[in-house]
Amino acid sequence: MKWRVTAPMLGIMPSYMISGAVVGLFGIIQALVEALPVVPDITAQLELPLSILDGFTRAFLLCSLIPPAVTMHASSMVSNSPWSLLITSLLMANSGFLFVNMFSMLAPTPFSLTTPAELRANGWTTADLWCAPVTTALYALLTHAQPFWADVHGLLVILLGGDTSAQTVEAVDPETARAVCALLLSGLFFGRTVKNFGLWKPFFQAQPEVESTSTGFCLDFNIEI
């Protein structure tokens, strides 16, 4: 689904049209899921480790697969464009569930066209939607994947009071940058799981206001002389 949207825009051949390995992998995984005797319930004990795994696998997609598809493009207008990199990351990482929600594929009714939840009010707050371009931008900033990001990195060093004697700021090696992105994504997804399952207990809880039920009284003394 992801490459079907972005590959035509980049003018490259989708990998599943060249090799059947990806299609076979998805078919095997689906067969294994269907062979399970019972589908486990969604619990915190199951979701917490999966959220960490999701962070590492998502980092591989956003740092190792998407940037080379743009930076190694034959056209310099595409390979050097930061907008091409960010839009490709946004579409490739999110087009799957956008189409699933748009056509109501998971609803118990026939397919129907509807507005995805991510495009409705406050849909931009969905972590999966914005974390993809943000992570790719961070990786490109650290590794200087494009000239634009190298200039931004140097500007940030100057603004933060770094060493300005060097003519250029050295880039971070790709493995280290990808590890940083993986840790950030894992922390983000782990925190979201903790919040969704109500595992976070705030240290200070607001005390409920207690309304006073006393009506008060007044003493009236009448003294006669």
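Only this structure's heavy atoms are used, side chains among them; waters, hydrogens and symmetry mates stay out. Note that this is a predicted model, so its numbers are computed, not measured.
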For Leu155, the rest of its hydrophobic cluster, which grows through side-chain links under 4.5 angstrom: Leu159
Closest non-hydrogen atom pair, Trp124 against Trp130: O-CD1, 3.2 Å
Which atom of Glu170 lies closest to which atom of His153, heavy atoms considered: O-CE1, 3.9 Å
Heavy-atom pair of closest approach, residues Ala137 and Leu86: CB-CD2, 3.8 Å
Under 3.5 Å: donor-acceptor pair, side chain of Ser104, backbone of Ser112: yes
Side-chain donor/acceptor of Ser89 to backbone N/O of Leu85, under 3.5 Å: no
Cluster link Leu36 to Ile29, ILVMFWY, side chain under 4.5 Å: no
Side chain to side chain contact (heavy atoms under 4.5 Å, CB included) assessment of Leu65 paired with Phe60: CA-CA 7 Å; Leu65 297 182; Phe60 180 75; 3.9 Å; yes
Within one Ile-Leu-Val-Met-Phe-Trp-Tyr cluster: Met102 and Val100, side-chain cutoff 4.5 Å: yes
Note, Leu62 side chain near Arg58 side chain (heavy atom, < 4.5 Å): yes
Expected output: side-chain Gln146 to main-chain Ser81 donor-acceptor under 3.5 Å: yes
Within 6.0 angstrom of Ile42 CD1, more than 12 heavy atoms from elsewhere: no
Flag, side chain of Thr136 to backbone of Pro133, donor-acceptor distance under 3.5 Å: no
Side-chain heavy atoms of Leu141 within contact of Val152, under 4.5 Å: yes
Beyond-backbone contact of Leu90 with Leu129, side-chain heavy atoms, under 4.5 angstrom: yes
Closest heavy-atom pair and its distance - Tyr139, Cys63: CE2-O, 3.2 Å
N/O donor-acceptor pair under 3.5 Å between Ser19 side chain and Ala21 backbone: yes
Pair Asn101, Glu118: side-chain N/O donor-acceptor within cut-off below 3.5 Å: yes
Expected output: side-chain Ser186 to main-chain Leu183 donor-acceptor under 3.5 Å: no
Contacts of type salt bridge (Lys or Arg N to Asp or Glu O under 4.0 Å), residue Arg178, not counting sequence neighbours: none
Asp128 side chain near Arg192 side chain, heavy-atom distance below 4.5 Å: yes
Distance, nearest 0.5 Å, that separates OG1 of Thr193 from CG of Leu199: 9.0 Å
same_hphob_cluster(Leu46, Val194) at 4.5 Å side-chain heavy-atom cutoff: no
Exam field: side chain Ser64 to backbone Leu61, donor-acceptor pair closer than 3.5 Å: no
Within 6.0 angstrom of Phe26 CZ, more than 12 heavy atoms from elsewhere: no
Under 3.5 Å: donor-acceptor pair, side chain of Ser51, backbone of Leu48: yes
Thr176 and Asp173 side chains, donor-acceptor separation under 3.5 Å: yes
Same apolar cluster (I L V M F W Y, side chains within < 4.5 Å links), Leu32/Val39: no
Pairwise side-chain contact, Leu185 with Cys131, heavy-atom cut-off 4.5 Å (strictly under): yes
Pair Thr114, Arg120: side-chain N/O donor-acceptor within cut-off below 3.5 Å: yes
Linked, directly or transitively: Val22 and Ile18 (ILVMFWY side chains, under 4.5 Å): no
Verdict with supporting geometry, Phe189 and Ile52, side chain to side chain contact (heavy atoms under 4.5 Å, CB included): CA-CA 7 Å; Phe189 297 151; Ile52 299 176; over 6 Å; no
Derivation and outcome, side chain to side chain contact (heavy atoms under 4.5 Å, CB included), residues Phe148 and Asn80: CA-CA 8 Å; Phe148 171 82; Asn80 294 328; over 6 Å; no
Met92 vs Leu10, side chain to side chain contact (heavy atoms under 4.5 Å, CB included): CA-CA, chis, key distance, verdict: CA-CA 12 Å; Met92 186 174 293; Leu10 296 175; 5.5 Å; no
Nearest heavy atoms of Leu138 and Cys181, plus distance in Å: CD2-SG, 4.1 Å
